[in-house]
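Worksheet: one structure, shown below.
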Amino acid sequence: MNQNPEQIARDNIDKQLISCGWVVQNRSQLNLNASPGVAVREYQTDVGPADYILFIDGKPVGVIEAKRKEQAEVLSVHEDQAEGYSEAKLKYLNNEKLPFVYVSTGVITKLTDFRDPKPRARVVFSFHRPETMREWLRKQKSLRKSLQELNELPTAGLRDCQIRAITRLERSFKVNKPRALIQMATGSGKTFTAITFVYRLLKYTNAKRILFLVDTKNLGEQAEQEFMSYLPNDDNRKFTELYGVHRLKSKYIPDDNQVYISTIQRLYAVLKGQDLEESAEEVNPNERWQPREVPPIEYNEKLPPEYFDFIVIDECHRSIYNLWMQVLDYFDAFQVGLTATPDNRTFAYFQQNIVSEYSHEMAVADGVNVGYDVYLIETKVTRQGATLWKGEYVEYRERLSRKKRLELQDEDEAYSANQLDRDIVNPNQIRMVIRTFKEHLLEMFPDRIDADGNPEVPKTLVFAKTDSHADDIIQIIREEFNEENRFCKKITYKADDNPKSVLASFRNDYHPRIAVTVDMIATGTDVKPLECLLFMRDVKSRNYFEQMKGRGTRVINFDDLKKVSPSAKITKDHFVIVDAIGVTKSLKTDSRPLEKKPGVALKDLLGAIAVGARDEELYTSLANRLTRLDKQITEKERAKFEEKSGGISVSQVVKDLLNAFNPDTLEDIREQVEKEMPGAASVDVDAKVKEREADLQNKAARVFTGELNEYIENVRKTHEQKIDLLNPDEIVNVGWDKNNKDKATEIVQSFTDWINTHKDEILALQIFYGQPFRRRELTFTMIKELVEQLLLDKPVLAPLNIWRAYEQLERVSGKPKNEMVALVALIRKAAGIDVVLTPYDKTVDKNFQTWLFKKQAGPLKFTKEQMEWLYMLKDQLATSVHVDIEDLDYTPFDANGGRGRMWQLFGENMETILNELNEALAA
């Protein structure tokens, strides 16, 4: 019982070694055939006895230098001593240097692998298993040495930002940096980038298994689909034909795969040996309960720390802190974070090793993302709430059943904007927002007219506060737009329709035009045709808001957009945020710290227990909530609770929760264990006490199944909301946000500056700024090269972006058909040729009519076929700026007889007609 610190450390090391599959022997009892892995204490070397020598299949491979736990802060001092033992000759053996060198206190353990290019000690959760070391030794190179041989990245099919991220990440691996952060804007291909470097690691290095870690089931399913569809640029087989990919759905983990996809909460449950309800994977776990004291993870022989070589952490800014960080700390693996919106915690966790910084602004400039404009809808009730007056009958509605009743209001009750759609619903406020949105659609999306002459609603995503709020919004949208059910659908985890099929329809089909969600597609879901985000809920987290905005940033080609939005006239070049709640102006914080009791939602307390959190503060908080609930529910509801809990009453569940951390109960457990284990070492007694305490906590938690948790959560919601039908709402402000105009002014000025800088050196610009007759010299090639030069110098000055900027600032006459004719019109405006920005095809139409009128006024009269040719020439000039005689041999002229037919029609006047049209129509 009276052990010294060194002996306690060795006892802990012995236990860890045994847990990891080693047989521990004294030198006097040496039997290297007892097991594939044998750790021999106090083995004699030519520099003295080593604390432990590790043998694999009878051959020495490593050494452990044991130190008391107080030495942890200076453990690096003892690395030379440990290395000395590894270089020493073992008694009776003529060994070479042993490659695996550990220094350990039994609490903190460091490993140095001397097969690495620059051997460096790293902290590991525990010792590595004998079979792991055997496998390592069978390979000619260590993992870190094999990383040096990653060849040059084939760049076919990769964007510049992806090439930069992968190249710099592999450089980071080669210098043995354990953590790296890839920051890439939403829509720039983070997952594709990750799969590319995962493929390279599996193909070219000794990496055996790689974990792709997510924090929601939705993201895991999406990642799995991307792995299945990934085709490498150096192989004609898909990724899943080359390597096994397995998404964890239970405690079972097959050994025969190379890529594993899991939520962090499921992996935590696996390490704790617990089952996990699928519902616990539906939301980001960092939004749930976070205990004050973190229940520790212990060694799991089915999933040892060396199981994965690399961990890729998707959306790493969200769920790798607090309780969940120890999941990552457990594994001896390189960690790569993926996020579009890192915060200070993210930078700190990844040790400021940022291998890629690719912001939304950079992605917009490169054409990888599209930018956005903000349209404001402010109503009186949204801004300040309203009052329910005494003496009026007020409607009450049950949240779940939607059953209604009337009750006389017995006092004046003022409600704030924050209570809207939670305690009090004002349908007039929702209706006013939706009606205003409908009435101003053509202002936000001009020219979006369907085949019947009606405005076509672009694909729109509405963010609602709760599922109940979402249902109210859907009903009112269908009414205000006078549309059928399929026009507007709900996409949340609690939707009646299959959320995946609705999401697929929203992405690929004409209907639904509008989707309403609470959280399911707030982050990490790709809906490229989405052109409008309507915020009817506020968001306080800057990161979460950026992620939500990211749903609209995806680019889509024009043909694919037309499939779901047939009225689209041009490709998606921006999206619109309709702010009906003040989300673009509200104060944002870098993170969403969870308010500790009493502000934590009951569903989060239940969710925490479901994923295995075992914390006194959690248990007492949940017990207090259930005590309050017991006072509110009916006898019938109590009976239903017992039915769901397996016959245990609410009051008994509360007692079990409190008893799990009752000091008297815990003291009784210790006394009982000490009676059962007389003379045992204190560490063994402590371990048994800990085991019994865990049993007590698990027994109290076992009752909280998904079915019971859902019932507890829903039984509270049968309580009612007040429906304010008394207060109409009114618009306070509607229109484009002033910030849009500031951005637009900056873009227009930047374009003007670029034109002025280059007008004397680029031939096309010289022609525009020269004499009017010179404009006939412009050619299609000149304009094409001018567009390319502009995009090369300033990608943000894409002609369609500049056009939209002008639309924000002044009257614009129509929309251009493509970037080239847009640029012609923009230069004409900048050069002062046109007062009003006008699509070039409209300018050509007007000039053609003027030219034709003058011609027809004279003696020359054109025949019907001549007129057809003139209109054909006019249309060609509107899109290609200039027509030469040689162009008459190509489309569209060749189908009508080409150059020969025009000569037959116009004779010697053919060339004169062409020259006049080239000059007159460009005037």
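The backbone N or O of T186 lies less than 3.5 Å from a partner atom in the side chain of N369, making a donor-acceptor pair. The backbone N or O of F55 lies less than 3.5 Å from no partner atom in the side chain of W22, so there is not a single donor-acceptor pair.
The environment of K302 atom NZ is sparse: at most 12 non-hydrogen atoms of other residues, nucleotides or ligands sit within 6.0 angstrom.
The shortest side-chain heavy-atom distance between K177 and Q351 does not fall under the 4.5 Å cut-off. Put simply, the side chain of P254 reaches to within 4.5 Å of the side chain of H246, judged on heavy atoms. Residues R134 and K59 fail the side-chain proximity criterion, which asks for heavy atoms closer than 4.5 Å. Contact of the P529 side chain with the K572 side chain is not registered, since no non-hydrogen atoms from C-beta on lie closer than 4.5 Å. Side-chain contact between V123 and L75 is absent, with no heavy-atom pair separated by less than 4.5 Å. C161 is listed as a side-chain neighbour of M184, based on a closest heavy-atom distance under 4.5 Å. Side-chain contact between T191 and F212 is present, with at least one heavy-atom pair separated by less than 4.5 Å. Looking at heavy atoms from C-beta onward, V527 lies out of side-chain contact with L461 at the 4.5 angstrom threshold.
Salt bridge status for D113 with K141: absent, with no side-chain N to carboxylate O gap under 4.0 Å. The residues D560 and K563 are annotated as salt-bridged, a charged nitrogen and a carboxylate oxygen being separated by less than 4.0 angstrom. Salt bridge status for E83 with K97: present, with a side-chain N to carboxylate O gap under 4.0 Å. Salt-bridge annotation for K190 and D314: absent, with no side-chain N of the basic residue lying under 4.0 Å from a carboxylate O of the acidic one.
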Salt bridge (Lys or Arg N to Asp or Glu O under 4.0 Å) between E278 and K217, intermediate numbers included: CA-CA 8 Å; E278 276 201 25; K217 178 184 173 185; 2.5 Å; yes
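Of all the heavy atoms in T132 and E306, the pair that sits closest is OG1-OE2, 2.7 Å. In terms of heavy atoms, H360 sits closest to V370 at CE1-O, 3.3 Å. Nearest approach of I297 to L271, heavy atoms of both residues: CD1-CD1, 3.8 Å. In terms of heavy-atom proximity, T571 sits nearest to I556 at OG1-O, 3.1 Å.
Note: Y199 and Y243 have perpendicular aromatic rings, judged against thresholds of 30 and 60 degrees for the angle between ring planes. Ring pair F197/F173 is perpendicular by interplanar angle, where above 60° counts as perpendicular and below 30° as parallel. Between Y330 and Y299, the two ring planes are tilted [angle within 30° to 60°].
Between Y230 and F192, the gap from one ring centroid to the other is short of 6.0 Å.
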